[in-house]
Structures are given as structure tokens and as C-alpha cells.
Protein chains: 2
Amino acid sequence: MGVNDRKEREKEELRALILAAAVEVFLQKGFDNTSIRAIADKIEYSPTTIYLYFKDKAALFHAIHQEGFKLMFHHFGPLQQVADHFERLLLQGRYYLDFAFQNPELYDLMFLQPGTMEALPEDLEWMEGNAAFASLVQNVQACIDARIIWAESAEVLAFTIWASIHGIASLQIQKRCNKVISEHLKPHIATLAFEQVNLMLKSYRIDKASKA
Amino acid sequence: MGVNDRKEREKEELRALILAAAVEVFLQKGFDNTSIRAIADKIEYSPTTIYLYFKDKAALFHAIHQEGFKLMFHHFGPLQQVADHFERLLLQGRYYLDFAFQNPELYDLMFLQPGTMEALPEDLEWMEGNAAFASLVQNVQACIDARIIWAESAEVLAFTIWASIHGIASLQIQKRCNKVISEHLKPHIATLAFEQVNLMLKSYRIDKASKA
DNA sequence: CAAACGTACTGAACACTGTTCAACAAAACA
DNA sequence: TGTTTTGTTGAACAGTGTTCAGTACGTTTG
């Protein structure tokens, strides 16, 4: 049955085409101004066609949000080469912030838009988010096991770390930073953020002096 | 001219009526489902009338956001009675999180929705946010001056504190918490958040042992 | 008191949005 | 060749923010 194979391939291709166009429009015009009709126009198909490949607009945005996570995991790739546990944890924080600052619209969709969570397919788990958080917990646990840092619960500490870094990213992306911070500090927000991450993580570090 | 006075009073009253209805619909139906027509229906006026009192939907939401800040400042009221600088700073963190958890929709509008910032009247300053941040900076500065905590810059530390707490509030309100945190931790998110605030603030405290 | 004015208000319309459904054309199969 | 399946779409529905010409009423003036 070579015919069915080809048809399935073509279906996959059109789905990918729609998704690519959706990402493009989304990154160009932002969340609120991304309409089904605009996406359809871009690929020269009828708006109705999109509904044959995605249940509704929420499902389409969920697919975009998945692309965002793919990109983020790709961004995290180099971490696997870092052997030192604490260094790896530090870097993950930096890479996370890097990703947020470099892809504000995607970060918004992944971690800020509430709709993205409400539209999880069939109320299943948030796989992408869980995977990302699990990798953070794992890195924290490695530090605890190696007695580099101390914490009662790796999960709680990981959540704390995540919240702090996310807070900076969120304030920046949702434009609360620039309205509040002094003019002379604005160019250094990214630097400040990194220093903050370092400082926070190091405050959990077991003091080597107290060991001796 | 008693007539003009009365007219101005009536105009003010209708504006207040529209705003109250807008807040009510907003708190009931959420940001996305608050339509001009729904607000107009509630007060039995034509949708067109609303545009005689508010330039557009963004201006109306800006007014709601102002109401939110009024409520928050009211929430902060008891702080003025707290004489101990460090205790006051701690409490401000708790009250801020309290406010966020108790008024998620308002917090969303005030600190998360990007539209709220883009629609500042005539690109002026973000007065409400600036005032709130200034009060935090002031409390931090008081702690620094009293040599309770150490920091190079009160503003930078205030920003760091704000970002951390906002991060927790943001993850909670935008529903990323419940999807990622273990089942047994969920009932304690608020508690965890408070402990996190305490821990973070205390890590900046000047160690009394090192003084001696 | 009656006519003119000013203004608070509105109905209808425009251009958009997401979404659905009956209709159609073309490809696949018999 | 005739039938069925499949991919695609135009038109429509209900909703959105917003505008503008028009109305109706309270106030001021002649």
C-alpha cells in the first residue's frame, strides 16, 4: 500500500507547513494578533483547512509551545558535557534565562500564557514542563548527593530556583522592568539577573570552611 | 452655575458605575471574557456610551488596574505600624504574596498582562508600579542604613526580592505550579512560598556572630 | 411660553475574530 | 466507467472592539 504511505506523508507535510507558518506569524505579530486567517493566507490555504489538522486554535498554540520546548532542550544540550555538578546547575540557570531573553514570545507562550495550560490535550499532564523541571530537580539532587549544597528536598529547592529565575524573566518579558528600574541600570538587567542567579545558588552552597 | 456642577457630578457617577461594572465582570469572567457589551448590559447602557467615558478598552482596563493598586496599598496599610525595619520588610513580602494569592485576576492585570503596560496613557510613567516599587526600595534602604542587611544598592536588592516573590506568584497564577509540583506538596505551596521569602531575605542579613 | 441650542445617549454598521457545515472536486478503488 | 472515499473550501454564524450619524431630552435664550 504505497498510496496510503504517500498520503500520510503528505498529511504530515501539510501539518508541518501549517505549524511553521503559525510559528512565523506568532513570532512576527505576537500572541494576540495571530489569527487563523492570517496563517491560512500565508500558506495559501483556506482557514477551514487548518481545522482538519488542528482541533482548534488552542491545539495549534499547544503545538507551537511544543516547538518552543524543543528549542529550549536544544539550548540545554551543552549541559550534558559539564561534569561538575554545581557548575552544571549554575549553567542551567544561565541558559534558562538566556533562552527567555532571546525568545521572549516563545517563553511567554510556554510559561506565561494561562491558556496554554487550560488547553492541554484531554487534561493530560504537562509533559514538556515536567521534563524541564525534572532535569532541574535532577541537577539539584546531584549537588545534594555530592554534598555541594544542602537542602531538605531537591524538589522544593528546584522549585525555589525556578521561581526566582522565572520571576526575572517574567518581569522583563512582561515589560515591568523598564518601567520601574532606574535608567542607568537598564542596560545591565541581563547581567544583574545572572549575578542574582549565581548569588542565590551559592547561598545554598555548603561552606567549605565549616567543613574543615 | 449649579447646573454644571450637577452635570459634572452625574458624569463622575456614571464613570464610577461603568468602572464598578467592569471590575465585577472582570473578576467574574476573567480577562479574556470581559467584553464591552457585557459591561454595558450589566448597567443597562448602550456599549457606545462606555466610549464617552473611556477612550477605549485599554483605557478601561488601565482604570481597573488602578483599582487593583488601590486595593494593594490598602492591603499594605498595617505595615506603617511596624517599627522594626527588618520585620517590616519581611511582612511586605508576605503581604505582597497574600495579595497576589487572594486576588489572582487583579494581580494578573497589574503585573502580568503585557497590554496593561502598552496602553499607558500617552506613554507616561507607570505611576502605580513605581510607587509600589519605591516603597520596597525604601524599606530595603532602611534595613541597609540600620546595618541589618548588607547590599551595594538598595534598588538592585529590591528588584531581586521583587523578582523572587513575583516568580512564585506568577507560576501559581499562571497555573504552572500545579502541573509540575508533586501531589503531596501542592497544599503547601503558599507556606513554601512564605518560607522561601523568609529564607531569601535572611540570607542578606548581616550575621550577628561575625560582628562580635 | 416657545424656539433654538447643546449634549448625553444610542442603533446600525464596519471590520475583524474563531468555528462549523454543506457542498464540491479530485483521487482511489471496484 | 461508475462509485466511494478523501481533501478542500465558500459561506455563514455568533461573537468581538469601535465609529458615526442621528435622536431625544434638558437647558438656555428670545
Side-chain angles (χ1 to χ4, degrees), chain A residues 1-19 21-23 25-26 28-65 109 113-116 118-119 121, chain B residues 1-19 21-23 25-26 28-65 109 113-116 118-119 121:
Chain A
M1 274 311 210
V3 176
N4 278 350
D5 286 5
R6 196 203 68 214
K7 284 205 170 182
E8 213 162 301
R9 213 169 50 235
E10 284 175 353
K11 220 171 149 70
E12 201 73 27
E13 276 170 18
L14 185 45
R15 204 198 105 103
L17 186 66
I18 293 172
L19 183 51
V23 170
V25 174
F26 170 70
Q28 210 171 74
K29 307 212 176 189
F31 184 82
D32 288 328
N33 298 317
T34 301
S35 72
I36 300 283
R37 282 176 174 83
I39 297 166
D41 274 358
K42 178 159 286 246
I43 54 173
E44 296 181 301
Y45 273 82
S46 148
T48 320
T49 303
I50 293 177
Y51 286 87
L52 298 173
Y53 293 83
F54 296 92
K55 184 178 151 284
D56 54 16
K57 202 188 181 185
L60 181 53
F61 273 109
H62 181 77
I64 301 178
H65 134 282
L109 189 61
Q113 290 288 348
T116 309
E118 287 159 16
Chain B
M1 275 311 209
V3 176
N4 278 350
D5 286 7
R6 197 203 64 213
K7 285 204 171 180
E8 211 163 301
R9 212 169 51 235
E10 284 175 353
K11 221 172 148 71
E12 200 74 27
E13 276 171 18
L14 185 45
R15 203 198 108 103
L17 186 66
I18 293 172
L19 183 51
V23 170
V25 174
F26 170 71
Q28 213 172 73
K29 307 211 175 190
F31 184 82
D32 287 328
N33 298 317
T34 301
S35 71
I36 300 283
R37 282 176 174 83
I39 298 166
D41 273 358
K42 180 160 286 248
I43 53 173
E44 296 180 300
Y45 273 83
S46 149
T48 319
T49 303
I50 293 178
Y51 286 87
L52 299 173
Y53 294 83
F54 296 93
K55 183 178 151 284
D56 54 17
K57 204 187 180 187
L60 181 52
F61 272 82
H62 182 77
I64 300 178
H65 135 282
L109 189 61
Q113 290 288 349
T116 309
E118 286 158 18

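The sequence lines fix the lettering, A, B, ..., with proteins before strands; numbering per chain opens at 1.
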(request) Quickly work out the B:N33 CG to C:dG18 P distance and round it to whole Å. (result) 15 Å

(request) Any salt bridge (Lys or Arg N to Asp or Glu O under 4.0 Å) involving residues 46-61 of chain B? Give me the pairs, sequence neighbours left out, ordered by first then second residue. (result) none

(request) Starting at atom NZ of A:K57, determine the distance to atom P of C:dT19, rounded to an integer number of angstrom. (result) 8 Å

(request) Quick one: label A:L52 by what it contacts on the DNA or RNA (base, sugar-phosphate, nothing), any heavy atom closer than 4.0 Å. (result) base

(request) Check every atom of D:dG7, D:dT19, D:dT9 against the side chain of A:K11 and return the nucleotide holding the closest atom. (result) D:dG7

(message) Regarding B:T49, tell me which of base, sugar-phosphate or nothing describes its non-hydrogen contacts under 4.0 Å with the strands shown.
(response) base

(request) Could you pick out which residue, B:A58 or A:P47, lies toward the 5' side of DNA chain D when each is mapped onto its nearest nucleotide? (result) A:P47

(request) Look at the rings of B:F31 and B:F26 and say which category their plane angle falls in: under 30° parallel, 30 to 60° tilted, over 60° perpendicular. (result) perpendicular

(message) Looking at B:S35, I'd like to know whether one of its side-chain N or O atoms comes within less than 4.0 Å of OP1 or OP2 on D:dT16.
(response) yes

(request) Give the rounded distance in Å between these two atoms: CG of A:D41 and P of D:dG10. (result) 11 Å

(message) Please determine whether the number of non-hydrogen atoms from other residues, nucleotides or ligands lying under 6.0 Å from atom CD of B:E12 exceeds 12.
(response) no

(request) Measure from CD1 on B:I36 to P on C:dA13 and round the result to the nearest Å. (result) 21 Å

(request) Applying side chain to side chain contact (heavy atoms under 4.5 Å, CB included), run through A:L19 and A:Y53 and close with a yes or a no. (result) CA-CA 10 Å; A:L19 183 51; A:Y53 293 83; over 6 Å; no

(request) Among the candidates C:dA12, D:dT8, D:dG17, find the nucleotide nearest to the side-chain atoms of B:T48. (result) C:dA12

(request) Report the distance from atom NZ of A:K29 to atom C1' of C:dT17, rounded to the nearest whole Å. (result) 14 Å

(message) Any side-chain N or O of B:Y53 below 4.0 angstrom from OP1/OP2 of C:dC9?
(response) yes

(message) I need the OH-C1' distance between A:Y51 and C:dG18, as an integer number of Å.
(response) 4 Å

(message) In whole Å, I'd like the distance from the CG atom of B:D56 to the P atom of C:dC16.
(response) 18 Å

(message) Angle between the two end axes of the helix from C:dC1-D:dG30 to C:dA30-D:dT1, five base pairs per end, rounded to 10 degrees?
(response) 30°

(message) Starting the side chain at C-beta, find the nucleotide from D:dT8, C:dC9, D:dT18 nearest to B:Y45.
(response) C:dC9

(request) Take atom CG of A:D32 and atom C1' of C:dC16, then tell me their distance rounded to the nearest Å. (result) 14 Å

(message) Donor-acceptor check, side chain of A:H62 to backbone of A:A59, threshold 3.5 angstrom: yes or no?
(response) no

(message) I'd like to know if A:R37 reaches the base of C:dG18 with its side chain such that a donor and an acceptor end up less than 3.5 angstrom apart.
(response) yes

(request) Sort and list the pairs that fulfil side chain to side chain donor-acceptor pair (under 3.5 Å) and have at least one residue in residues 33-45 of chain B, not counting sequence neighbours. (result) B:E24-B:K42

(message) Which residue is it: A:I39, A:I64, A:I18? I am looking for the one with a side-chain contact (heavy atoms from CB on, under 4.5 Å) to A:V23.
(response) A:I64

